[in-house]
Amino acid sequence: MQRFAALAFLIVTLTFGLVPAARSAEQTKVFIYAATDKASNVAIVVDVGRRGVEIQDKRSTRIDSIDDRFVGNYEECGNEAFYCAGGLLEIVVPKNMPMKQWEYHGLSCQSVAQSGGDLYRITCRSPKYRGRPTFTYSLSRGVVSVESCPIGGSNEYELRGQRGLFFPGSNP
């Protein structure tokens, strides 16, 4: 009887102890894009839950080490037809990719299919940003690289992890 009680206690503790942690990790979607230049030690960190974005040191940035000190917010501007992160990111992706050209949220964009099956290099023009917001979108993994955006300048950044911003099933 004591073994059964101990086993039941252990199951209840593990179940209720782990569920809140799993839920909080699921709700917090943090994506890290590290600079590809070996001389640059920066990363773009995007926290979808708080709509925060900032540049951090890529050597010490980890998803579990993100704190509340985000320096800026991006604008969630998506709708039923587009994923959209405006302002500091300027990323717009049609939900029904592939699409060759589109205009949305003040951006005029075009995509070019890349080798690898589901990759598209997207280049946009923005009246608010002198550069040309450019990124690579994977139909299965979301945004996998950023080549140019307001917060990151014209540096190139690659996703650290398997899934990036706007991966299928991650957004409404």
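Every value quoted in this text rests on a predicted model; they were computed, and no experiment measured them.
Judged by distance alone, with hydrogens and angles left aside, the side-chain atoms of Lys58 form no donor-acceptor pair with the main-chain N or O of Ile32 at under 3.5 Å. One N or O on the side chain of Glu76 and one on the backbone of Gly78 form a donor-acceptor pair closer than 3.5 Å. With Asp118 contributing its side chain and Ser140 its backbone, the two residues share a donor-acceptor pair below 3.5 Å. Judged by distance alone, the side chain of Arg141 and the main-chain N or O of Gly161 form a donor-acceptor pair under 3.5 Å. Not a single donor-acceptor pair under 3.5 Å links the side chain of Lys128 to the backbone N or O of Leu107. Ser108 places no side-chain N or O within donor-acceptor distance of the main-chain N or O of Arg125, the cut-off being under 3.5 Å. Here the side chain of Glu158 pairs no donor or acceptor atom with the backbone of Glu156 at under 3.5 angstrom. With hydrogens and angles disregarded, a donor-acceptor distance shorter than 3.5 Å links the side chain of Ser148 to the backbone of Arg132. In this structure a side-chain-to-backbone donor-acceptor pair under 3.5 Å is missing from Tyr104 to Pro94. Tyr137 places a side-chain N or O within 3.5 Å of a backbone atom of Phe166 that can act as its donor or acceptor partner.
Linking ILVMFWY residues whenever their side-chain heavy atoms come closer than 4.5 Å, directly or via other members, places Leu139 and Val92 in the same cluster. One hydrophobic cluster, built from ILVMFWY side chains closer than 4.5 Å, cannot hold both Tyr129 and Tyr157; they sit in different ones.
Closest heavy-atom contact between Gly106 and Pro127: O-CD, 3.1 Å. A pairwise comparison of heavy atoms in Pro150 and Gly87 identifies CG-O, 3.4 Å as the closest pair. The shortest non-hydrogen separation linking Lys38 to Asn41 is O-OD1, 4.3 Å. Heavy-atom minimum distance, Val42 versus Ser40: CG2-OG, 3.2 Å. Of all non-hydrogen atoms in Ile55 and Gly152, the two that sit nearest each other are CD1-CA, 4.3 Å. The heavy-atom pair separating Tyr74 from Val46 by the smallest distance is CE2-CG1, 3.7 Å.
Interatomic distance, Lys95 NZ to Asn79 CG, rounded to the nearest 0.5 Å: 6.5 Å. Atom CG of Leu88 and atom CD of Glu75 lie 10.5 Å apart (nearest 0.5 Å). Gln101 contributes atom CD, which lies 10.0 Å from atom SG of Cys109 (distance to the nearest 0.5 angstrom). Note: Glu103 CD to Phe82 CZ = 9.5 Å, rounded to the nearest 0.5 Å. In this structure, Leu159 CG and Phe135 CZ are separated by 14.0 Å, a value rounded to the nearest 0.5 Å.
Considering only heavy atoms from C-beta on, Trp102 comes within 4.5 Å of Met97 through its side chain. Counting only heavy atoms from C-beta outward, the side chains of Thr36 and Ser145 never approach each other to under 4.5 Å. Ile122 places a side-chain heavy atom less than 4.5 Å from the side chain of Val93. Side-chain contact between Tyr120 and Pro98 is present, with at least one heavy-atom pair separated by less than 4.5 Å. At least one side-chain heavy atom of Leu89 sits under 4.5 Å from a side-chain heavy atom of Ile151.
In this view, Arg130 satisfies the salt bridge (Lys or Arg N to Asp or Glu O under 4.0 Å) rule with no residue, not counting sequence neighbours.
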Problem set entry | Tyr83/Leu165 under side-chain contact (heavy atoms from CB on, under 4.5 Å): CA gap, chis, key distance, verdict | CA-CA 9 Å; Tyr83 298 120; Leu165 191 61; over 6 Å; no
